[in-house]
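Numbers for residues simply follow the sequence, beginning at 1. FYI, side chains are in, hydrogens and waters are out, and symmetry mates aren't considered; it's all heavy atoms of this structure.
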Amino acid sequence: MSEVINKDHTLVQLGNLAITIRPITPDDKDIEAAFVHDLSMQTKYERFFEGIKDLSPYMLKKLCEVDGVNTMAFVATINVDGAEKEIGVCRYALDKTPSEREMAVTVADNYPFEEIASLLIDKIRAHAKQNNIKRLNAIELSSNYRMLQLAKHLGMTSKIAPTDSTLVVYSINA
């Protein structure tokens, strides 16, 4: 069950989790940094294709400051002891053509990946459609089983990346 709090914020009850889905803001650097810091090394590798520990100040700025058209991100947050905690993020950035964007989705390891990722992708697809974006493409490691399952669940198309056979490009219409 979901409840629209305002045009940009949605509250979703997922089991015992009350999740807010909302746009990321420049003020989210601390929760974004904590989110990435707490990810397992495997999840960090699947998201960034390298073993990072923490985001640099440059990356935090880049990930939290979006323009809402060429770049956009939605976070999934919960309330923990009166503080907001990020448990997922879905974003897009410029891709090959003006009508396409490259998309990425990440969910904290101890939370239901497919359910939260689906909520975030639904939100970013709706936003993309409002901005005349036709297609979202996610470039993922071929070993990323959670993304493969999610892509099947959402009906995404897939193909091996033309420049690297260890990568798969999943696509979905906005």
Side-chain angles (χ1 to χ4, degrees), residues 2 4 6-10 12 19-29 31-33 35-36 39 43-50 52 55-56 58-77 86-108 113-144 146-174:
S2 67
V4 176
N6 65 42
K7 77 176 189 105
D8 291 327
H9 291 62
T10 305
V12 179
I19 302 171
T20 300
I21 307 288
R22 64 166 181 79
I24 201 164
T25 72
D27 294 333
D28 289 327
K29 289 182 181 87
I31 68 168
E32 177 76 1
F35 170 70
V36 172
L39 294 173
T43 300
K44 288 178 191 179
Y45 187 75
E46 287 172 349
R47 169 58 182 95
F48 298 102
F49 299 172
E50 62 180 311
I52 67 166
L55 294 172
S56 68
Y58 169 79
M59 281 299 297
L60 275 172
K61 179 179 168 76
K62 184 177 177 180
L63 294 175
C64 292
E65 295 181 10
V66 298
D67 67 20
V69 177
N70 295 312
T71 59
M72 186 60 193
F74 286 94
V75 291
T77 65
E86 183 178 333
I87 61 168
V89 63
C90 184
R91 63 181 68 253
Y92 69 62
L94 285 173
D95 205 347
K96 300 175 204 109
T97 70
S99 65
E100 295 184 20
R101 298 291 183 274
E102 184 177 332
M103 175 183 70
V105 62
T106 308
V107 175
F113 176 82
E114 190 169 302
E115 293 89 341
I116 294 171
S118 294
L119 292 169
L120 288 163
I121 289 174
D122 287 349
K123 190 77 166 178
I124 208 144
R125 285 175 73 190
H127 182 84
K129 189 172 187 173
Q130 290 173 350
N131 287 281
N132 298 316
I133 297 163
K134 306 293 182 215
R135 195 151 190 80
L136 298 170
N137 304 306
I139 301 170
E140 303 289 341
L141 296 168
S142 59
S143 60
N144 187 339
R146 293 186 310 166
M147 189 61 195
L148 171 64
Q149 293 304 111
L150 177 67
K152 286 181 182 178
H153 172 76
L154 295 176
M156 299 174 86
T157 61
S158 65
K159 65 180 179 182
I160 301 297
T163 57
D164 186 339
S165 63
T166 66
L167 301 176
V168 176
V169 180
Y170 296 102
S171 298
I172 194 165
N173 291 334

Sequence-distant partners of [X], side-chain hydrogen bond (donor to acceptor under 3.5 Å, both in side chains), two or more places apart:
X	value
K61	E65
D28	R22, T25
E140	N144
E46	Q42

Minimum heavy-atom separation for A76 to I116, with atom names? CB-CG2, 4.0 Å
Specify the closest pair of heavy atoms between A73 and V89, including all atoms of both residues, with the distance to one decimal.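 The answer is CB-CG2, 4.4 Å.
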What do the steps show when you test V75 against F35 for side-chain contact (heavy atoms from CB on, under 4.5 Å), and what is the final call? CA-CA 10 Å; V75 291; F35 170 70; over 6 Å; no
Go through I121 and L150 one step at a time and tell me if the side-chain contact (heavy atoms from CB on, under 4.5 Å) criterion holds. CA-CA 10 Å; I121 289 174; L150 177 67; 3.7 Å; yes
To the nearest 0.5 Å, what is the distance between [atom1] ([X]) and [atom2] ([Y])?
X	Y	atom1	atom2	answer
K134	R101	NZ	CZ	11.0 Å
T10	I21	OG1	CD1	7.5 Å
E114	L119	CD	CG	11.0 Å
M147	L154	CE	CG	7.5 Å
L63	S56	CG	OG	8.5 Å
I87	I19	CD1	CD1	4.0 Å

Which residues satisfy the side-chain contact (heavy atoms from CB on, under 4.5 Å) test with [X], sequence neighbours excluded?
X	answer
N132	none
T71	V66, D67, A93
E102	D95, I139
P23	D8, H9, M72, F74

Contact check, side chains of [X] and [Y], non-hydrogen atoms, under 4.5 Å:
X	Y	value
R146	T43	yes
R47	L39	no
I52	V36	yes

Considering residues at least two apart in sequence or located in another chain, which fulfil the salt bridge (Lys or Arg N to Asp or Glu O under 4.0 Å) criterion with E32? R91
Acceptor/donor pairs from residues 165-174 side chains to any protein atom, 3.5 angstrom cut, sequence neighbours excluded:
from	atom 1	to	atom 2	distance (Å)
T166	OG1	D164	OD1	2.6
T166	OG1	D164	OD2	3.4
S171	OG	N137	OD1	2.6
N173	OD1	R135	NH1	2.3

Sub-3.5 Å donor-acceptor pair from the side chain of H127 to the main-chain atoms of G68, do we have one?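 Yes: the side chain of H127 pairs with the backbone of G68.
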Mind checking ring-ring contact (aromatic ring centres under 6.0 Å, His included) for Y92 and listing every partner two or more places apart, or none if nothing turns up? none
